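Single-structure report; data block below.
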Amino acid sequence: METLADVWPEYGRSLRDKYDLDGGMQWKVAKGREYLTRYRQDPETGKKVWSSLGRRSPETEAIYAEFMGRRATARETIQTHKDDITLGGRLARARGLTRLPTRNAEVLRAFWLNSVDASITLFCGASLLAYERESRVIAPVDLVRDDRLMFVFDPTVEAVEIDGIVDVYQEVVGGKARVRQRDDIMTVQAPDGVGLDMVSERYLLDRTADGDQADLLSRALREPPFRGVTFASDGQPVALKTFAPQSFAMMAHVMAQEDDRWLAKAEFAGAMVQARWGFEPEQEAVFPGLGLDPADMPPRI
């Protein structure tokens with residue numbers, strides 16, 4: 001995991017740049033005048049879609065130069081680290097650390113590349129993979145292989161573009177998705193893709209034991225996200241945006257009160273936090289019994 005963590009900041013940024021800059025720019029002549037044009041490939045038809053950025057001028061020449069420079073840098077960086085990433089994936093697989101299913105990883109990668117995760121945050125077993133490098137604790141495989149991916153809507157975002165999320169999801173899974181809304185949970189499911197559950201803040205707060213828990217959890221949902229990276233089953237890296245470990249442990253504790261499937265995640269997350277970061281006194285007072293004994297944790301990486 002160290003190799004991935006070392007190269008990811010530069011490699012991940014370059015992957016995003018390459019994605020954003022896919023397609024190209026070129027000068028075209030129309031009615032005797034040169035125009036800067038940008039083209040991208042339509043994901044459905046495969047055809048190039050063109051747009052004009054304006055007549056040739058110092059401004060458009062600067063745009064062209066910046067585009068070509070950024071794209072060249074991104075491609076060079078990806079090529080430079082390609083062998084390191086490949087080796088890291090092989091080593092992770094050999095050590096049994098590639099536990100994120102590929103079909104789940106493909107959705108998470110697409111959400112990250114398209115910045116869909118700006119308005120939603122991952123909250124499921126896969127979140128535990130984000131903490132492994134800092135905690136030095138390997139999450140049990142049965143806790144991280146999710147049948148569905150759960151996300152929480154960012155409570156600080158006024159309007160979430162649901163259509164954009166669904167469009168990216170459908171492009172990844174290659175099929176039409178059914179979207180359903182009930183109470184404070186939205187489900188998205190395509191026949192051949194991993195399902196999505198997207199919940200609101202209210203969904204979690206309604207499951208707290210009292211007002212103190214609800215208030216503390218509401219504040220936790222507004223804390224800066226925790227970002228990690230892991231290797232998926234296909235040996236390729238996946239960026240993970242989730243909640244701070246303490247927040248995740250409290251959220252899992254709340255979910256476990258009504259859903260036994262969350263109990264093991266809550267216990268593991270609580271013990272991991274106690275062993276590596278610790279809880280704030282207020283968190284321990286409001287959420288008693290967080291986690292199991294750190295001595296019962298799995299072996300460290």
Side-chain angles (χ1 to χ4, degrees), residues 3-89 105-122 154 156-174 224-225 227-229 231-232 234-241:
T3 299
L4 177 59
D6 291 340
V7 305
W8 178 254
E10 186 177 26
Y11 185 79
R13 183 171 59 252
S14 296
L15 281 179
R16 230 172 188 169
D17 280 348
K18 181 180 179 298
Y19 181 81
D20 290 341
L21 302 173
D22 269 352
M25 280 188 185
Q26 68 182 66
W27 300 101
K28 282 193 169 187
V29 177
K31 297 182 179 179
R33 294 174 176 174
E34 267 192 307
Y35 292 84
L36 179 60
T37 58
R38 173 81 163 95
Y39 69 85
R40 293 177 179 272
Q41 191 174 51
D42 186 289
E44 295 184 2
T45 66
K47 296 181 179 180
K48 292 181 179 179
V49 178
W50 296 84
S51 60
S52 175
L53 302 180
R55 290 174 57 182
R56 188 158 199 157
S57 66
E59 289 76 16
T60 53
E61 287 179 351
I63 292 173
Y64 178 77
E66 181 188 14
F67 176 90
M68 299 303 289
R70 283 182 60 201
R71 189 172 67 173
T73 299
R75 289 176 174 177
E76 181 180 354
T77 300
I78 292 170
Q79 187 61 36
T80 298
H81 293 305
K82 182 179 178 180
D83 290 343
D84 290 332
I85 294 296
T86 299
L87 176 60
E106 288 174 343
V107 172
L108 294 174
R109 288 188 189 116
F111 281 6
W112 172 73
L113 282 172
N114 289 275
S115 298
V116 167
D117 62 358
S119 58
I120 56 176
T121 302
L122 185 69
D154 187 335
T156 67
V157 176
E158 291 186 4
V160 178
E161 295 185 6
I162 300 298
D163 289 345
I165 296 174
V166 175
D167 286 346
V168 173
Y169 171 78
Q170 291 181 150
E171 185 176 336
V172 173
V173 301
R227 296 185 183 275
V229 62
F231 281 110
D234 59 5
Q236 294 300 308
V238 184
L240 301 169
K241 175 204 169 190

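Computed over heavy atoms, backbone and side chain alike; hydrogens, waters and symmetry mates excluded. Just so we're clear, the structure is a prediction, and the values are computed from it rather than from any experiment.
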Pairs involving residues 67-80, ordered by first then second residue, that meet salt bridge (charged side-chain N to carboxylate O under 4.0 Å, His left out) (sequence neighbours left out)
D17-R70
Mind checking side-chain contact (heavy atoms from CB on, under 4.5 Å) for D154 and listing every partner two or more places apart, or none if nothing turns up?
T156, V157
For Q236, give me all partners under side-chain contact (heavy atoms from CB on, under 4.5 Å), at least two apart in sequence or on another chain.
I85, R109, D234
For T73, what residues pass the side-chain hydrogen bond (donor to acceptor under 3.5 Å, both in side chains) criterion, not counting sequence neighbours?
none
Which residues satisfy the side-chain hydrogen bond (donor to acceptor under 3.5 Å, both in side chains) test with S119, sequence neighbours excluded?
none
Test ring pair (Phe, Tyr, Trp, His ring centres under 6.0 Å) applied to Y169 - qualifying residues, sequence neighbours left out
none
Enumerate the residue pairs fulfilling side-chain hydrogen bond (donor to acceptor under 3.5 Å, both in side chains) with a member in residues 56-69, sequence neighbours excluded, ordered by first and then second residue.
E34-R56, R56-E61, S57-E59, S57-T60
Just to verify, what does N114 make a side-chain hydrogen bond (donor to acceptor under 3.5 Å, both in side chains) with, not counting sequence neighbours?
Y19
According to side-chain contact (heavy atoms from CB on, under 4.5 Å), who are the partners of Y35, at least two apart in sequence or on a separate chain?
A30, R33, S52, R55
Counterpart residues, side-chain contact (heavy atoms from CB on, under 4.5 Å), relative to D20 (two or more places apart):
none
Sorted by chain and number, sequence neighbours left out, salt bridge (Lys or Arg N to Asp or Glu O under 4.0 Å) with D167 holds for none
Residues at least two apart in sequence or cross-chain that pass side-chain hydrogen bond (donor to acceptor under 3.5 Å, both in side chains) with K18, listed by chain then number, are none
